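This report concerns only the one structure given below.
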Amino acid sequence: EVEMDAGLGATGRLEQYVAPGNYIGELRELRVVVAHLRLAAERPAPERDRTRMLRARNVDRDAMQPKVAHAFTLPRDPYPLSMPARTYEVRTYGCQMNVHDSERIAGLLETAGYEKAPDGETADVVVFNTCAVRENADNRLYGNLGHLAPIKASHPGMQIAVGGCLAQKDRGTIVERAPWVDVVFGTHNVGALPVLLERARVEQESQVELLEALETFPSTLPSRRESAHRAWVSISVGCNNTCTFCIVPALRGKERDRRPGDVLAEVEALVADGVLEVTLLGQNVNSYGVEFGDREAFGKLLRACGGIDG
């Protein structure tokens with residue numbers, strides 16, 4: 001709503017503006033609207049007199065066309081929207097499930113307006129998708145974070161995020177040992193990353209958010225596949241076994257199985273997109289179907305996938 005008046009100047013009200021996902025592009029649009037309102041307020045009083053109390057939503061366009069055209073003629077945009085997009089880089093450690101999740105992280109960031117950083121260039125956002133199974137996982141992560149500390153100090157606005165199994169295990173310890181990390185997210189809330197990055201940027205403090213149960217199957221999130229002809233499809237997440245040597249149930253949670261129809265729909269969409277090779281993923285695919293009471297579900301799913309033309 002915009003009002004113009006000789007005594008009031010120009011005032012604008014943006015009620016309950018919420019940018020979905022807090023994406024950068026929409027916040028830039030908000031800044032441009034505010035800039036236009038400020039420029040309108042600086043017009044000489046005679047111009048404001050001629051356009052007294054015009055309300056954009058109720059204006060009679062036929063009767064007031066000359067005044068409306070004059071009132072809403074704005075000067076050259078001082079804050080163009082053609083600002084370069086922020087860039088990202090995803091560094092993946094560990095199993096194929098992490099590779100699958102990293103493709104979803106890349107898809108989320110590109111949906112939020114980021115672009116993949118060219119090889120050899122420092123990205124505005126660096127995301128570590130970590131593994132906690134191997135013995136040197138901790139040393140590898142913190143060594144890389146230490147390497148990035150001076151780089152971040154010399155690149156204002158750069159952000160670092162840590163996700164994956166090690167993040168789920170170490171939680172707030174990561175920002176205690178590496179306080180220059182901006183975001184820590186776990187294996188159960190991959191989809192929250194863009195919001196956490198924006199919140200960390202606005203509030204200027206680290207964001208640590210981890211869930212104890214799966215929020216949504218990663219396969220349902222947007223994806224940026226590394227290969228045009230190969231794809232990863234998650235059919236289950238987590239494990240119900242309690243092997244002494246294995247940390248997976250503690251980090252990935254109890255087994256959750258996707259419905260066969262959802263899996264087949266994703267495979268069919270991938271085939272239609274030109275994919276020739278599909279890998280079905282899960283921490284324990286042999287037990288697929290236990291959640292909905294079909295112990296033979298994995299064999300049935302394999303046969304159904306094999307029946308898809310492509």
Side-chain angles (χ1 to χ4, degrees), residues 18-24 26 86 88-114 125-133 137-138 141 145 159-178 181-203 205-224 232-240 247-259 262 266 281-283 291:
V18 179
N22 289 326
Y23 296 152
I24 301 296
E26 291 165 335
R86 285 170 62 78
Y88 74 89
E89 176 189 357
V90 182
R91 302 185 186 182
T92 308
Y93 307 114
C95 64
Q96 290 92 337
M97 185 66 82
N98 272 15
V99 176
H100 165 276
D101 290 353
S102 289
E103 290 184 347
R104 269 61 192 178
I105 290 170
L108 284 164
L109 292 175
E110 294 196 2
T111 301
Y114 294 81
V125 173
V126 178
V127 183
F128 291 92
N129 192 10
T130 61
C131 173
V133 174
D138 291 50
L141 172 66
L145 291 177
Q159 291 182 293
I160 300 172
V162 179
C165 289
L166 189 61
Q168 190 77 24
K169 178 176 76 73
D170 283 2
R171 300 172 178 264
T173 303
I174 293 176
V175 293
E176 293 174 5
R177 295 181 60 177
V181 170
D182 298 277
V183 172
V184 176
F185 63 103
T187 57
H188 301 311
N189 63 329
V190 172
L193 178 59
V195 174
L196 295 174
L197 286 169
E198 182 62 15
R199 191 187 302 163
R201 188 190 66 81
V202 172
E203 298 181 5
E205 64 179 12
S206 299
Q207 302 294 314
V208 179
E209 183 174 294
L210 302 110
L211 302 181
E212 298 303 323
L214 188 66
E215 191 175 57
T216 181
F217 270 99
S219 283
T220 63
L221 300 172
S223 174
R224 185 190 189 280
W232 312 96
V233 175
S234 172
I235 66 171
S236 66
V237 174
C239 182
N240 292 338
I247 197 174
V248 167
L251 303 180
R252 290 284 184 172
K254 293 290 186 180
E255 181 173 335
R256 293 280 308 280
D257 296 329
R258 290 179 74 191
R259 303 298 299 185
D262 295 337
E266 182 178 354
L281 294 176
Q283 272 72 44
E291 190 177 36

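In this chain, numbering begins with 1 at the start of the sequence shown. In this text the structure is predicted, and so the values were computed from the model without any measurement.
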**Asked** Is any side-chain heavy atom of I235 less than 4.5 Å from a side-chain heavy atom of L281?
**Response** no

With sequence neighbours left out, the residues meeting side-chain contact (heavy atoms from CB on, under 4.5 Å) with A161 are V127, V183, F185, L193, L197

Scanning both residues in full, the closest heavy-atom pair of V237 with S234 reads CG2-OG, 3.7 Å

message: Quick one: does any side-chain atom of D257 pair with a main-chain N or O of S236 as donor and acceptor, under 3.5 Å?
response: no

| task | Output yes when a side-chain donor or acceptor of E291 lies under 3.5 Å from a complementary backbone atom of R256, and no otherwise. | result | no

Here the pair of heavy atoms bringing Q207 nearest to E203 is NE2-OE1, 3.2 Å

Hits for salt bridge (Lys or Arg N to Asp or Glu O under 4.0 Å) against E205, two or more places apart or cross-chain, chain-then-number order -> none

Taking every heavy atom of A213 against every heavy atom of H188, the minimum-distance pair comes out as O-CB, 3.1 Å

Those residues at least two apart in sequence (or on a different chain) that pass salt bridge (Lys or Arg N to Asp or Glu O under 4.0 Å) with R177 are none

Taken to the nearest 0.5 Å, the spacing of W232 CH2 from E103 CD works out to 8.0 Å

Just checking, any donor-acceptor pair under 3.5 angstrom between side chains of H100 and S219? yes

In V175, I174, V126, the residue satisfying side-chain contact (heavy atoms from CB on, under 4.5 Å) with V162 is I174

Checklist entry - Looking only at atom types and distance, does a side-chain atom of Q168 sit under 3.5 Å from a main-chain N or O of A250, one as donor and one as acceptor? => result no

Salt bridge (Lys or Arg N to Asp or Glu O under 4.0 Å) filter on R91, not counting sequence neighbours, yields E89

- [ ] Check whether any side-chain N or O of N189 sits under 3.5 Å from a backbone N or O of G186 as a donor-acceptor pair, and report yes or no.
- [x] yes

Hits for side-chain contact (heavy atoms from CB on, under 4.5 Å) against V233, two or more places apart or cross-chain, chain-then-number order -> R258, V263, E266, V267, L270, V278, L280

Value for SG (C131) from CD1 (I247), rounded to nearest 0.5 Å, stands at 9.5 Å

Shortest non-hydrogen pair, T187 vs L214, comes out as O-CD1, 4.2 Å

Applying salt bridge (Lys or Arg N to Asp or Glu O under 4.0 Å) to D101 and not counting sequence neighbours gives R252

Note: D182 and A200 closest approach over all heavy atoms is O-CB, 3.8 Å

Salt-bridge contact R199-E209 (side-chain N to carboxylate O under 4.0 Å): yes

### Message
Between E255 and Q283, is the side-chain contact (heavy atoms from CB on, under 4.5 Å) condition met? List the steps.
### Response
CA-CA 8 Å; E255 181 173 335; Q283 272 72 44; over 6 Å; no

From the list R86, R224, R104, salt bridge (Lys or Arg N to Asp or Glu O under 4.0 Å) with E110 holds only for R224

Note to self: Quick check against the 3.5 Å criterion: does N98 have a side-chain atom that pairs as donor or acceptor with the backbone of Y93?
What the structure shows: yes

Only one of L145, V90, V181, L166 passes side-chain contact (heavy atoms from CB on, under 4.5 Å) with F128, and that residue is L145

Checking side-chain polar atoms at under 3.5 Å, does S102 have a donor or acceptor matched by the opposite partner on N129? yes

